[in-house]
Amino acid sequence: MTRTVYVNGDYLPEDQAMVSVFDRGFLMADGVYEVVSVLGGKLIDFEGHMVRLKRSLSELAIANPLSDDAYLAAHRDLVARNDITDGLVYLQVTRGNPGDRDFAYPSADTVPTVVMFTQSKPGLADAPAAKTGWSVVSVDDLRWGRRDIKTVQLLYPSMAKMEAKARGADDAWMVEDGRVTEGTSNNAYIVKGNTIVTRELSHDILHGITRAAVLRFAREAQMQVEERAFTIAEAQEADEAFITSASAFVMPVVSIDGARVGAGTVGPVATRLREIYLEESLKTGV
């Protein structure tokens, strides 16, 4: 059975879906994306993803082709058509197909390209790694300077992920000027005592939707939050470490560059934050 995917308003079998070779997303990585998790058939943090999508489009001067209601309807339709209980909906908007290749932006009336598809991931919230934790390694952060825009320019994070795998780790934390920016597709945190430390928002990191929710829940649970940069050495000396993302939720980190974090096992802060996030997100899912 083939998946049904969405391309510019049409629902098509995945093997019949096509985008022009002149599309700027294909030629120039000139586009943005969002990934919304699905748990129990519900879309998690959908409103936050729409807010960030519109910001990313605005920063690149790409016209937003659909309303929030239209995006929501398409997401729900894809979940239903593909019988997704737990999984992901991927959404990509590019500047579109100007009919030829040029570094200059095409005319303003060029219609953006919108693509969506689902990925089924049964038991997404029950990932075994949440009980054992991830290992991470550090790599130099060689990405462009506007990481706050969720663009489809993902080659370097992919390279960093592959370096991590080659070194026997689950993921990489990228380091710039001696400080951790973020993981390959996630925000990074350490815990010292009752204080959660994570890099402050700027052009240097993605403004994570899960990050915002987790920090809100942490403060509501009377945990201290300090938004600042930290070093790999500081992370190795922390009591706990973890990452957040739309698909991993809250994932403990137990090893950094081969050094155990704390006891080298999943800690209570990450465990509790994962529980709170999943519980509260399911309540508000749409």
Side-chain angles (χ1 to χ4, degrees), residues 34-39 44-45 48-49 86-88 90 119 121-139 150 154 157-158 160-165 167-175 180-192 195-199 205-218 221 223 225 227 230 232 234-236 238-282 285:
E34 289 289 337
V35 179
V36 178
S37 286
V38 181
L39 294 177
I44 303 301
D45 281 333
H49 286 285
D86 294 338
L88 309 170
Y90 178 90
Q119 292 177 279
K121 294 184 178 292
L124 181 62
D126 300 317
K131 299 187 184 304
T132 58
W134 278 6
S135 61
V136 302
V137 293
S138 60
V139 301
K150 197 171 176 69
L154 297 175
S158 294
K161 185 77 169 183
M162 293 309 295
E163 180 175 341
K165 287 183 174 294
R167 292 165 60 182
D170 297 294
D171 199 34
W173 278 5
M174 292 177 275
V175 178
V180 174
T181 49
E182 56 194 341
T184 61
S185 59
N186 47 70
N187 293 116
Y189 308 74
I190 59 173
V191 181
K192 195 68 175 176
T195 301
I196 298 164
V197 181
T198 191
R199 194 170 179 119
I205 67 169
L206 183 69
H207 299 189
I209 303 306
T210 308
R211 175 192 185 278
V214 166
L215 292 184
R216 183 175 74 252
F217 296 145
M223 299 177 187
V225 175
E227 296 185 63
F230 57 85
I232 288 293
E234 186 179 2
Q236 291 172 324
D239 297 323
E240 294 183 47
F242 62 92
I243 61 93
T244 62
S245 73
S247 58
F249 311 118
V250 179
M251 181 61 66
V253 170
V254 298
S255 171
I256 301 172
D257 281 343
R260 292 189 311 176
V261 178
T265 57
V266 173
V269 173
T271 298
R272 182 58 183 143
L273 284 174
R274 183 180 177 89
E275 291 172 350
I276 294 171
Y277 177 79
L278 290 171
E279 180 181 330
E280 295 300 320
S281 296
L282 279 169

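- Between Ile196 and Phe242 there is a side-chain heavy-atom pair separated by less than 4.5 Å.
- Without hydrogens or angle criteria, Lys161 side chain to Ser185 main chain gives no donor-acceptor distance under 3.5 Å.
- Although no hydrogens or angles enter the test, the distance criterion places a donor-acceptor pair under 3.5 Å between the side chain of Ser37 and the main chain of Ala246.
- Residues satisfying the side chain to side chain donor-acceptor pair (under 3.5 Å) criterion with Glu34, sequence neighbours excluded, are His49, Arg52.
- For Ser247, there are no side chain to side chain donor-acceptor pair (under 3.5 Å) partners two or more places apart in sequence or in a different chain.
- Ile44 has its side chain within reach of Tyr277: a pair of non-hydrogen atoms, C-beta onward, lies under 4.5 Å apart.
- Counting only heavy atoms from C-beta outward, the side chains of Val175 and Ile232 approach each other to under 4.5 Å.
- Ion pairing between Lys165 and Asp170 fails under the 4.0 Å rule for side-chain N and carboxylate O.
- For the pair Asn187 (side chain) and Leu206 (backbone), a donor-acceptor distance under 3.5 Å is present.
- Looking at heavy atoms from C-beta onward, Tyr189 lies out of side-chain contact with Val197 at the 4.5 angstrom threshold.
- Ile190 places none of its side-chain heavy atoms less than 4.5 Å from the side chain of Glu240.
- Remark: side-chain polar atoms of Thr210 are paired, donor with acceptor, to backbone N or O of Ser245 under 3.5 angstrom.
- Taking 4.5 Å as the limit, every side-chain heavy atom of Thr244 sits out of range of all side-chain heavy atoms of Asn186.
- Within the 3.5 Å criterion, the main-chain N or O of Ser255 finds no donor-acceptor partner in the side chain of Ser135.
- A salt bridge is absent between Arg216 and Glu280; no separation between the charged side-chain nitrogens and carboxylate oxygens falls under 4.0 Å.
- A side-chain donor-acceptor contact under 3.5 Å links Asp257 to the backbone of Ser138.
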Check residues 259-271 and write down every donor-acceptor pair under 3.5 Å in which the side-chain atom is one partner and the other belongs to a residue at least two apart or another chain.
unit_1, atom_1, unit_2, atom_2, d
Thr271, OG1, Gly267, O, 2.8

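- Counting only heavy atoms from C-beta outward, the side chains of Trp173 and Val137 never approach each other to under 4.5 Å.
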Which is it for Arg211 and Glu182 under the salt bridge (Lys or Arg N to Asp or Glu O under 4.0 Å) test, yes or no, and what are the steps along the way?
CA-CA 11 Å; Arg211 175 192 185 278; Glu182 56 194 341; over 6 Å; no
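- Side chain of Arg199 to main chain of Val180: a donor-acceptor pair is present (N/O by atom type, distance under 3.5 Å, no hydrogens or angles).
- In this structure, the side chains of Met251 and Arg274 come closer than 4.5 Å at one or more pairs of heavy atoms.
- Thr181 contributes a side-chain N or O that, together with a main-chain N or O of Met174, makes up a donor-acceptor pair within less than 3.5 Å.
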